[in-house]
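Proteins get letters first, then strands, A, B, ... in listed order; numbering begins at 1 in each. Reckoned from all heavy atoms, side chains included, excluding hydrogens, waters and symmetry mates.
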Amino acid sequence: MMPGMDTQPFAQIEPKWQAYWEKHKTFRVTEDPAVPRERRAYVLDMFPYPSSAGLHVGHPEGYTATDIYCRYLRANGYRVLHPMGFDSFGLPAENYAIKTGTHPRASTEANIGRFRTQIKALGFSYDWDREISTHDPRYYRWTQWIFLKCWEKGLAYEAVVPINFCPSCKTGLANEEVKDGACERCGTQVVRKDVRQWLMRITSYAERLLADLDKVDWPESLKLMQRNWIGRSVGANVLFPLAAGEGSIEVFTTRPDTLFGATYMVLAPEHPLVERLTTAGQQGAVSAYVELARRKSDLERTDLAKDKTGVFTGGYAINPVNEQKIPVWVSDYILISYGTGAIMAVPAHDQRDFEFAVKFDLPIVQVVSRDGKPAAGQMTQADAEEGVAVNSGQFDGLPTEEFKKRITAWLERGKLGRRAVNYKLRDWVFSRQRYWGEPIPLVHCDQCGTVPVPYEELPLLLPEVASYQPTGTGESPLAAITDWVNTRCPKCGGAGRRETNTMPQWAGSCWYYLRYLDPANDRALAARDKVDYWMPVDLYVGGAEHAVLHLLYARFWHKVLYDIGAVNTDEPFRRLVNQGMILGEGGVKMSKSLGNVINPEEVIREFGADAMRLYEMFMGPLEVSKPWSTQGIAGVKRFLDRVWRLSELPAAAGAPPAELERLLHRTIKKVGEDTRTLQFNTAIAQMMIYITELAKEEKLHPALWKPFVLLLAPYAPHLGEELWEKLGEKPSVAFQAYPQCNEELTREETREIVFQINGKVRARLELAAGLSASELEKQALAHPRIQELLAGQKPVKVIAVPDRLVNLVVRG
RNA sequence: GCGAGAGUGGUGGAACUGGCAGACACGCCAGACUUAGGAUCUGGUGCCCGAUUCAGGGUAUAAGGGUUCGAGUCCCUUCUCUCGCACCA
């Protein structure tokens, strides 16, 4: 048989309609002030990094979901902004350049070309006039502009700090980029290294980043990840005077109520007071320990179940609540980067302190009790629960919460301490010692210090280099270009040196959603009226792997932009949905090494883009991970072929059968609701049910067919256009009004009522819908099978649920 | 270890505020059409027992318990898996 006779000719249809959309700019969108706010929607996909591997099947999943949703919104009268672009700065292109000498721009732009072609082959309704790439100087001009704004506000600062350094990528990494002690990108163990860095003061936004999570409609699990990452904790900073000489040790504690149980103190090895406190006798041991700790990697220091180590400094401090002299130790279980880098140790109520105390035979004093009485005998582990104070002098008997308030007030009165809030969140290590990124637009001048490149001179172009090889010395390959590095100070005109670090990949992706609003603007990152027209993003779809990276950084920058009046809202993304991962066949992760990677290009060639789209949506709920199945996509293609064959049937005259009309309206209702709520899998199932029934007819009723084509079009847009045209209609189907369901017709006339005895189904009966409970009960008792089984017994209880069931309860 | 989420046929998954478990699809089985089929169509398909065709019955949502006329759904305990954090004082 001729191919194409009984299957949809997707190989012809799909390029045909893609060319049509492109030629007519069908999905170009402009700002029409006549469209009211509630009829506008900004639907955003996380833009891809254009890797050399080409599109992955995971990309089309989220893109298809938003595309269906956008097409649904347009059919329902919305003006929809739906753009796409490329996150095109980044390490892989640079590593490729090191290997082959190809300029990262050349390989990146080739990859972008391939990505664009692949994305277009899936028939997404993007407004391609708004496409952006973060490596484009017209784009990164504004990334640099935002950086300078941050610098002006004191949010970007330079420091030599010990940071996570990837020896393979030869660059510093942000905390967020380290997973299990390894570089997130390449898996190499990171080391601690002192490098001159640019940092972003994200910590000064910690409180707002935390509080404003309550304003957005995001998955709870993701909000929780951000909350935990920010890690706010409330307590007190307390001063412990040194026993000898001036000064004191400041500690942070969340449990000031346990102050009476503080029996020793511990300083981080890097703590500035270590040297002063160390006595002559302990000098050797302390120096050796500090040196050892310095050389340990972060992973070794934070190793899971390792034994606690430490040394006594020989020095003492005074516990301010009871004037007791307590020893000061040094240990690497205290981190210099959190709190004050020093703690009061309360071994009775903190497991870490307990282990340390047991190991070094330090006193353990219980100061909290669950029942208000001190425990008899030795404690075998720390008890971190709240309770009632004991062994705490005048405070005995106070419950933990109350004690915290009182002691904090007491400390404040005595100038011995004050309430304090701490965050786990660290400032964002922002500079990279690499080539392929935005140059940081600053000049170092001996006279004037750090001077910004004037705004009107932006973009500061990324210069060409002879070698992309990272130096590993803390300088980027840019440092080797002397005629670029050596420049004039913009302020005094004297000799200056350019900053040679570049920005991290996250910089460009921090604000790309704003550039789509006004991609060609050369006077502002986006005109404020366009920002006001579209922002905030109504729906943002992408993977969960960006929970504490892109999504945290973007929120941070957005708030900075909000503070300087560049945007209209304090949060960028009103609603966020994480798509699940698509796994390989068999439920394992897709990877080159396993050889189970599915190539979208091949899938499209074999099954068509519509089938690919439909299948990815039919696999299961958008949010969950699910395995790919080639047989599964074949099934979905069968459905599309069946639809095609139906379209080839001759038209029927006269009114369609009433039952099919009812099914049509139930289908309109179900598909519409499920599309609106992103439950695409069940919407597709309903379309399948409908087509199965329609296929039983000899001829095709236009009244049953036309609305179906409109339901299908958002899911299979190429076939949708083609079927619309076959109906004698003019393209495009994309802006046709969505079918309306007749509620009257969605209601069933009859319902199958289940008759149960003691909860077990014993009979079924088709009855008119809407019968009352008492009528149902009568029907149940009159049913012959029920009468037979009851054998004259009277039910002790009858539960009748209208339109559903009757349950007869017999005997007790 | 802590935090979050999830466990439903051979497989992916359905199931509204507790109300017929397994929609839809894959796979499999049988039949039709066919020179052929990764084609199409029809029927069947959780498991167990039973009935030669029409019956029918039992059992079942990770395991165990509880609430209820009724539990995949609510509560408790246990187990498994996935994700996040990991000495954050």
Subject >> Touch class at under 4.0 angstrom, heavy-atom based, for E606(A) against every strand present >> reply: base
Subject >> Selected nucleotide, minimal atom distance to I334(A) side chain, candidates A25(B), G19(B), A89(B) >> reply: A89(B)
Original post:
Taking atom C1' in both A60(B) and G9(B), what distance in whole Å separates the two?
Top reply: 10 Å
Subject >> Set of residues satisfying side chain to side chain contact (heavy atoms under 4.5 Å, CB included) with respect to Y690(A), sequence neighbours excluded >> reply: L663(A), L664(A), T667(A), L694(A), L704(A), F708(A)
Original post:
If we take the P atom in both G50(B) and G44(B), what is their distance in whole Å?
Top reply: 23 Å
**OP:** Could you check how far CG of L646(A) sits from P of U40(B), rounded to whole Å?
**Re:** 14 Å
**OP:** Starting from the 5' end of RNA chain B, give me the residue, Q679(A) or R426(A), whose nearest nucleotide shows up first.
**Re:** Q679(A)
Original post:
Can you check the E250(A) CD to A89(B) P distance for me, whole Å?
Top reply: 16 Å
Subject >> Side-chain donor/acceptor of D353(A) to backbone N/O of V346(A), under 3.5 Å >> reply: yes
**OP:** Rounded to the nearest angstrom, tell me the gap between atom CZ in R785(A) and atom P in C20(B).
**Re:** 20 Å
**OP:** Quick one: pull up CG in D383(A) and CD in Q351(A) and give me the separation to the nearest 0.5 Å.
**Re:** 10.0 Å
Subject >> 5' priority, RNA chain B, between T630(A) and K797(A) [closest heavy atom] >> reply: T630(A)
Original post:
Are the side chain of S625(A) and the backbone N or O of G580(A) linked by a donor-acceptor pair below 3.5 Å?
Top reply: no
**OP:** Using a strict 4.0 Å threshold on nitrogen-to-oxygen distance, state whether E207(A) and R232(A) make a salt bridge.
**Re:** yes
Original post:
To the nearest Å, how far apart are L549(A) CG and C83(B) C1'?
Top reply: 15 Å
**OP:** Record whether the side chain of K424(A) comes under 3.5 Å of the base of C85(B) through a donor-acceptor pair of N or O atoms.
**Re:** no
**OP:** Go through the structure and list residues passing side-chain hydrogen bond (donor to acceptor under 3.5 Å, both in side chains) with E61(A), not counting sequence neighbours.
**Re:** K626(A)
Subject >> CD/E698(A): more than 12 non-hydrogen atoms of other groups inside 6.0 Å >> reply: no
Subject >> Separation of C87(B) C1' from F354(A) CZ (nearest whole Å) >> reply: 16 Å
Original post:
Are S233(A) and A89(B) close enough that a side-chain N or O sits under 4.0 Å from OP1 or OP2?
Top reply: yes
Original post:
If you draw a 6.0 Å radius around NZ in K699(A), do more than 12 non-hydrogen atoms from other residues or ligands fall strictly inside?
Top reply: no
Subject >> Distance in angstrom units between I786(A) CD1 and G56(B) P, rounded >> reply: 13 Å
Original post:
What form does the base of G9(B) take, syn (within 90° of 0) or anti?
Top reply: syn
Original post:
Residues two or more places apart in sequence or in another chain: which of them pass side-chain hydrogen bond (donor to acceptor under 3.5 Å, both in side chains) with K794(A)?
Top reply: none
Original post:
Considering only the C1' atoms, how many Å lie between C24(B) and C75(B), rounded to the nearest integer?
Top reply: 33 Å
Original post:
C1' atom, G13(B) versus G22(B): distance in rounded Å?
Top reply: 10 Å
**OP:** Answer with yes or no after comparing the ring centroid distance for F356(A) and Y264(A) against a 6.0 Å cut-off, counting only values under it.
**Re:** yes
Original post:
How close or far is atom P of C87(B) from atom NZ of K308(A), stated in whole angstroms?
Top reply: 9 Å
Original post:
Quick one: is G3(B) close enough that its OP1 or OP2 comes under 4.0 Å of any side-chain N or O from R227(A)?
Top reply: no
Original post:
Of the candidate nucleotides G38(B), G57(B), G3(B), which contains the atom at the shortest distance from the side chain of N228(A)?
Top reply: G3(B)
Original post:
How close or far is atom P of G57(B) from atom CG of L789(A), stated in whole angstroms?
Top reply: 7 Å
Original post:
Quick check: does any side chain N or O of N237(A) sit under 3.5 Å from a backbone N or O of G417(A), one acting as donor and the other as acceptor?
Top reply: no
**OP:** Can you tell me which stems involve RNA chain B, if a stem is defined as three or more consecutive Watson-Crick or G-U wobble pairs, both distances under 3.5 Å?
**Re:** B:1-7 with B:79-85, B:10-12 with B:24-26, B:27-32 with B:40-45, B:46-49 with B:56-59, B:62-66 with B:74-78
Produce the list of close N/O pairs, under 3.5 Å, pairing protein atoms with atoms of nucleotides 27-33 of chain B; give distances to one decimal.
unit_1	atom_1	unit_2	atom_2	d
G27(B)	OP2	R638(A)	NH2	3.4

Original post:
With sequence neighbours left out, what residues match A174(A) under side chain to side chain contact (heavy atoms under 4.5 Å, CB included)?
Top reply: E176(A), E177(A), W428(A), R432(A), Y553(A)
Subject >> Counterpart residues, side-chain hydrogen bond (donor to acceptor under 3.5 Å, both in side chains), relative to R418(A) (two or more places apart) >> reply: none
Original post:
Under 6.0 Å from the six-membered ring centre of Y333(A) and within 45° of its axis: does the NZ or CZ of K308(A) meet both?
Top reply: yes
Original post:
Is the shortest side-chain N to carboxylate O distance from E693(A) to K696(A) below 4.0 Å?
Top reply: yes
**OP:** Output the residues of residues 751-761 of chain A in contact with RNA chain B, where contact means a heavy atom of the residue under 4.0 Å from an atom of the strand; sort by number or write none.
**Re:** E752(A), V754(A), Q756(A), K760(A)
Subject >> Nucleic acid contacts of residues 801-808 of chain A, taken as heavy-atom distances under 4.0 Å to RNA chain B >> reply: V801(A), R804(A), L805(A), N807(A)
**OP:** Determine the contact category for K589(A): base if any of its heavy atoms lies under 4.0 Å from a base atom, sugar-phosphate if only primed atoms, P, OP1 or OP2 are that close, otherwise nothing.
**Re:** nothing
Could you pull out the protein-nucleic contacts involving nucleotides 4-14 of chain B (nitrogen or oxygen on both sides, under 3.5 Å)?
unit_1	atom_1	unit_2	atom_2	d
G12(B)	O2'	M619(A)	O	2.8
A14(B)	OP1	N681(A)	ND2	3.0

Original post:
Any donor-acceptor pair under 3.5 Å joining the side chain of Q226(A) to the base of G84(B)?
Top reply: no
Original post:
Looking across every strand, which nucleic acid part, if any, lies under 4.0 Å from I799(A) by heavy atom: base, sugar-phosphate, or nothing?
Top reply: base
Original post:
For residues 764-775 of chain A, which residue pairs qualify under salt bridge (charged side-chain N to carboxylate O under 4.0 Å, His left out), counting only residues two or more places apart or in two chains?
Top reply: E752(A)-R764(A), E775(A)-K778(A)
Subject >> Shortest side-chain distance from R642(A), nucleotide among C24(B), C85(B), A25(B) >> reply: A25(B)
Original post:
If the C1' atom of G58(B) is compared with that of G3(B), how far apart are they to the nearest Å?
Top reply: 43 Å
Original post:
Say you pick atom C1' in G1(B) and the same atom in G19(B); how far apart are they, in whole Å?
Top reply: 42 Å
Original post:
Quick check: does any side chain N or O of S591(A) sit under 3.5 Å from a backbone N or O of L594(A), one acting as donor and the other as acceptor?
Top reply: yes
**OP:** Please check if the side chain of D427(A) supplies one atom and the backbone of T203(A) the other of a donor-acceptor pair under 3.5 Å.
**Re:** yes
**OP:** Sticking with atom C1', work out how far G7(B) lies from U34(B), rounded to a whole angstrom.
**Re:** 45 Å
Original post:
What interatomic distance, in whole Å, is found between C1' of U35(B) and the corresponding atom of G27(B)?
Top reply: 28 Å
Subject >> Partners meeting side-chain hydrogen bond (donor to acceptor under 3.5 Å, both in side chains) with T380(A) (sequence neighbours left out) >> reply: none
